[in-house]
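One structure is given here, and the rest of the page talks about it.
Residue numbers start at 1 and run along the sequence shown.
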Amino acid sequence: MLRKFASIKNTGRFVNCGPSGDVELKRHNLIFGENGRGKTTLCAILRSLQSGDPAHIAGRRTLGGTDPPEITILMQGGGHAIFSNGGWSRTVPEIAIFDATFVSENVHSGDVVDIEHRRSLYSVIVGEQGVKLAKQIDDLDENARAKNTEIREKAAVLLAHAPGMSAEAFLALEQDPTIDDKIAAQEKELQAARQAVQIKDRAVMTSMTLATFPHANLNTLLAKTVEGIAADAEQRVAAQVRTHEMHDRGQTWLSEGLGYVKGNTCPFCNQNLDGASVLLSAYKDFFSKAYDDLRKEISELRRQINTAFDEREISKVDRTIDQNAAAVEFWSRFGDITPPTWQGDGAGDTLHALRRGALALLERKAAAPLENIAPDTAFTDALAALQRVQKSVSAYNKAVTAANAVITAKKEAAGTADVAAIEKELARFRATKKRYEPAVMNACGDYVKAVAEKKTLEDSKVTLRAALDKHTADVIEKYEQTINQLLADFQAGFSITGTSHDYRGGVPTSNYKILINNTPVELGDAKTSLGEPSFRNTLSAGDKSTLALAFFLAQLAHDSGKANKIVIFDDPFNSQDSFRKDCTIHKIKKCGQDCAQVIVLSHDQYFLKRIWDRLYTPADRKCLELARIGQQNTTVCEWDIEKATQDHYKADRKALADYYVARTGIARDVVQKIRPVLETYCKNLGGGTLTETDTLGVIVGKIRSAGATHQLYPLCDGLDELNEYTKRYHHGENPQAAIEPITDTELQGYVRRTLEMTGGC
């Protein structure tokens, strides 16, 4: 059991909570706190104490503070639970908490029941034994995943020796004492098969080809002239060429220049050509259309020779010889082939010389188209050499044809062996040999062992899952009955049905339906349409809160260790309809009878008072308050529930609030209520140091005498100021109190301070 919240620092509203007075907890404990005073923070502290998870506290570190949270809780029988440096000195797993966190984690979030709620609720339903079984299954799953990784790694070691095989096929290979001989024979067969493939795919030799030289066309063109040109025109052109030393390019230059004469102006010097008309006429006679056609014929033949005997065509001879030499080297491995022999040494030089000689003759003819150009020695020698080369080509190609006949026969006779099948069998032989090497045999043993361990894990998982299924089947129906009995007690008007479980995602998950008017309604999820009946739209907020409380109470009812439980309720009546209040109180009282300790936190004084009145043993009940100290701090202190719920205190404080908020009430009546409200508030928090007869002045004096250790000490200055103000309006301290003027603005300020000091406006 928890004995006392000894100290809470830097956690939410508990900036520096050091309770004084009699704040020790008992079996039944009622703790009052206004909203925002720290009830949720206290639940977070207890949830962290139960689970050992520091995040519940770390997330509630006091905003604006710099120091880390520090908490000390005294335990019954001695000992402390201390939270310091981000962790607990011990945990208290017997704590069970019903609050908004329980609801959002196990029942629903807002209007939705999602997969995580179903999984969490499953743990609630199956109880401690089921949770242990589920945890064992989870552990086996995790171990199995780790074992799978180990198996994959060990299999990779095996398959490195046998690419393309599975680990099981590799393990199944039987030892063979003749494996080396089989490997050697298979390698020879593979070599032969691969040669057959090469023979079928390899090309035959290539015949040599030479471009045809236009010998006859060249001789005809070199001797060709133009008839009908006047002798006088020819003489004038010749004279002009000699005079200006134009040499071989003279006629060409003049012919081209004549085309640029436009009008009567020289295109070269821009002078008038009136005196050159006779010469120009001679040019025109000489450079006639027949002359131009001859020049074009010369140019075309020159282009043909350049194309037919360009460098690519000339090099083709040497390239064919080299390619066929490589082919001879290949094919000679598969049969007797007579290699073609090239006898025409210098074929490339011959073709180069022939091209140069022919082009030179054409250049001469182009310079003097009307002259008969006779072939020179260089050309005739090159032409004779070409004829010798052509004879060599003919002999060479005959040898190529003979060799190709042998090659074609070899290709047709090539086998049709299945190389892939031979390679596959050779790989199996080699893997068989590798399989029984010492190091590989050890690796095989490691793999087999890991697979066996994985099977053991899977078998254990099957056994545990069967046990969990049986346990769940045993408890789930009883749990559903308990839930429905609780819902009936709460007059809920609905029940649950079809409670079941499955293993979606490999994790145990619960499911149930809402039964309304004998009609089962699926829970649905966030994707369920609003037009479809589901948990979202068939239950009111009060119904959902009631269902969550029923789940929690059913969990306690089926908990075999509930006698040792410390049960926390945080505003258990929140959102419920008023007619369920008495039933809720009864269930809380029963928890106190069945469990070790119950703590109820609420902002509703009168709800706590009704619980208090049901607890007939004063020694077993305690009332505390989470009270405001100043603007920021909260403390845990004694709370006189009888006084706090008295009508006059409530009425006086309401009158102050109405005056401040709504400007209602008579000012002199209002000012008379400030002192009683402050006195009652201080006596409730006085921790036994204040008596029933103490007035506000006496109260301030006692607090100052107690010093900074008194929990109300931070309020002393404010209380003193309010005391001085109210003296003016009390007959015992001011005979003129009845006529003492009251300033509305001043009274508004002091009323506001009174309300803030006693719990907020």
- Item | Asp543-Thr546 side chain donor-acceptor pair, cut-off 3.5 Å | no
- Heavy-atom check, side chain of Arg3 versus side chain of Leu25, under 4.5 Å: no
- With salt bridge (Lys or Arg N to Asp or Glu O under 4.0 Å) as the test, would you mind laying out the steps for Glu756 and Arg753 before giving the verdict? CA-CA 5 Å; Glu756 288 178 348; Arg753 293 178 64 180; over 6 Å; no
- Please check if the side chain of Ser529 supplies one atom and the backbone of Gly531 the other of a donor-acceptor pair under 3.5 Å. yes
- Item | side chain to side chain contact (heavy atoms under 4.5 Å, CB included) assessment of His56 paired with Ser51 | CA-CA 10 Å; His56 296 293; Ser51 65; 3.9 Å; yes
- Applying side-chain hydrogen bond (donor to acceptor under 3.5 Å, both in side chains), run through Thr634 and Arg37 and close with a yes or a no. CA-CA 6 Å; Thr634 291; Arg37 276 298 99 204; 2.7 Å; yes
- Query: Going through the distances and angles, do Arg663 and Asp658 end up as a salt bridge (Lys or Arg N to Asp or Glu O under 4.0 Å)?
  - Reply: CA-CA 6 Å; Arg663 302 294 195 270; Asp658 290 344; over 6 Å; no
- Query: Going by an N to O cut-off under 4.0 Å, is there a salt bridge joining Glu24 and Lys4?
  - Reply: no
- Message: Strictly distance-based, threshold 3.5 Å: is any side-chain N or O of Asn633 a donor or acceptor partner for the main-chain N or O of Asn16?
- Response: yes
- Item | Contact check, side chains of Trp88 and Ile73, non-hydrogen atoms, under 4.5 Å | yes
- Item | Non-hydrogen atoms of Phe607 and Asp604 that approach each other most closely | N-OD1, 3.1 Å
- Short side-chain to backbone donor-acceptor contact, Asn29 and Lys26, under 3.5 Å: yes
- When rounded to the nearest 0.5 Å, the distance separating OG of Ser495 from CG of Leu487 is 7.0 Å
- Task: Tell me, yes or no, whether the heavy-atom count around Glu477 atom CD, taken from other residues, nucleotides or ligands under 6.0 Å, exceeds 12.
- Result: no
- Donor-acceptor pair, Thr41 side chain versus Lys39 backbone, under 3.5 Å? no
- Query: Does any N or O in the side chain of Arg60 come within less than 3.5 Å of the main-chain N or O of Ala44, such that one atom is a donor and the other an acceptor?
  - Reply: no
- With a 4.5 Å limit on heavy-atom distance, are the side chains of Ile31 and Ile599 in contact? yes
- If you round to the nearest 0.5 Å, how far is CG of Leu140 from CD of Glu142? 10.5 Å
- Query: Distance from Lys132 atom NZ to Leu464 atom CG, nearest 0.5 Å?
  - Reply: 13.5 Å
- Message: Working note: Tyr447 + Glu168, criterion side-chain hydrogen bond (donor to acceptor under 3.5 Å, both in side chains); need CA distance, chi angles, decisive distance, verdict.
- Response: CA-CA 10 Å; Tyr447 175 82; Glu168 287 69 24; 2.7 Å; yes
- Task: Any chance you could lay out the side chain to side chain contact (heavy atoms under 4.5 Å, CB included) test for Asn484 and Phe494, step after step, and finish with the verdict?
- Result: CA-CA 8 Å; Asn484 287 334; Phe494 68 93; over 6 Å; no
- Task: Looking only at non-hydrogen atoms, find the nearest pair between Pro54 and Gly52 and report the distance.
- Result: CD-O, 3.2 Å
- List the atom of Thr66, the atom of Arg61, and the distance in Å for their closest heavy-atom pair. O-NH2, 2.6 Å
- Taking the side chain as C-beta and beyond, is there a heavy-atom pair between Thr499 and Asn511 under 4.5 Å? no
- Item | Main-chain N/O of Ala619 paired with Thr617 side-chain donor or acceptor, under 3.5 Å | no
- Using 30° and 60° as the class limits, which term best fits the ring planes of Phe552 and Phe98: parallel, tilted or perpendicular? tilted
- Task: Show the numbers, then the answer: is there a side chain to side chain contact (heavy atoms under 4.5 Å, CB included) between Ile568 and Ile566?
- Result: CA-CA 7 Å; Ile568 317 297; Ile566 301 169; 4.1 Å; yes
- Task: Can you sort out the partners of Val521 under side chain to side chain contact (heavy atoms under 4.5 Å, CB included), two or more places apart, ordered by chain and number?
- Result: Ile514, Pro533, Thr538
- Report the C-alpha distance between Arg27 and Asp620 in whole Å, list the side-chain angles of each, state the deciding distance to 0.1 Å, and finish with yes or no for salt bridge (Lys or Arg N to Asp or Glu O under 4.0 Å). CA-CA 5 Å; Arg27 182 164 190 162; Asp620 283 345; 5.5 Å; no
- Message: Donor-acceptor pair, distance only, cut-off 3.5 Å: does the side chain of Asp571 make one with the backbone of His603?
- Response: yes
- Electrostatic pair Arg47:Asp53 at N-O distance under 4.0 angstrom: no
- Query: So Trp612 and Arg621, side chain to side chain contact (heavy atoms under 4.5 Å, CB included) or not? Walk me through it.
  - Reply: CA-CA 8 Å; Trp612 177 262; Arg621 62 182 185 175; 3.2 Å; yes
- Flag if over 12 foreign heavy atoms under 6.0 Å of CZ, Arg614: yes
- Message: As a quick check of understanding, evaluate salt bridge (Lys or Arg N to Asp or Glu O under 4.0 Å) for Asp469 and Arg465, giving each step before the final call.
- Response: CA-CA 6 Å; Asp469 288 343; Arg465 180 168 284 189; 5.7 Å; no
- Message: If you apply the rule side-chain hydrogen bond (donor to acceptor under 3.5 Å, both in side chains), what do you find for Gln555 with Asp559, and how did you get there?
- Response: CA-CA 6 Å; Gln555 178 187 22; Asp559 189 341; over 6 Å; no
- In chain order, what residues pass the side chain to side chain contact (heavy atoms under 4.5 Å, CB included) check against Asp67, with sequence neighbours excluded? Asn10
- Would you check if Gln50 and Thr91 make a side-chain contact, meaning some heavy-atom pair closer than 4.5 Å? no
- Kindly give the heavy-atom pair with the smallest separation between Lys154 and Ala450, and that separation in Å. CD-CB, 4.0 Å
- Query: Do we see a donor-acceptor contact under 3.5 Å between the side chains of Arg653 and Thr758?
  - Reply: yes
- Search all heavy atoms of Val636 against all heavy atoms of Val23 and return the closest pair with its distance. O-CG1, 3.8 Å
- Item | 4.5 Å side-chain heavy-atom contact, Val92 and Met75 | yes
- Item | Ile8 and its side chain to side chain contact (heavy atoms under 4.5 Å, CB included) partner, picked from Thr72, Val15, Ile71 | Ile71
- Query: Atom CD1 in Ile496, atom CG in Leu547: separation rounded to 0.5 Å?
  - Reply: 7.0 Å
- Quick one: are Lys478 and His558 in side-chain contact, heavy atoms under 4.5 Å? yes
- Query: Would you say the side chain of Ile151 lies within less than 4.5 Å of the side chain of Lys454, judging by non-hydrogen atoms?
  - Reply: yes
- Within the distance-only criterion (no hydrogens, no angle test), does the side chain of Ser534 pair as donor or acceptor with the backbone N or O of Leu530 below 3.5 angstrom? no
- If only atom types and distance count, is the side chain of Thr635 paired as donor or acceptor with the main-chain N or O of Gln711 below 3.5 Å? no
- Could you tell me whether a side-chain N or O of Thr62 sits under 3.5 Å from a main-chain N or O of Thr11, the two making a donor and an acceptor? yes
- Task: Considering non-hydrogen atoms only, spot the tightest contact between Ile57 and Ser48 and give its length.
- Result: CD1-OG, 3.6 Å
- Could you give all pairs that pass the ring-ring contact (aromatic ring centres under 6.0 Å, His included) test and reach residues 1-35, with sequence neighbours left out? Phe32-Trp639
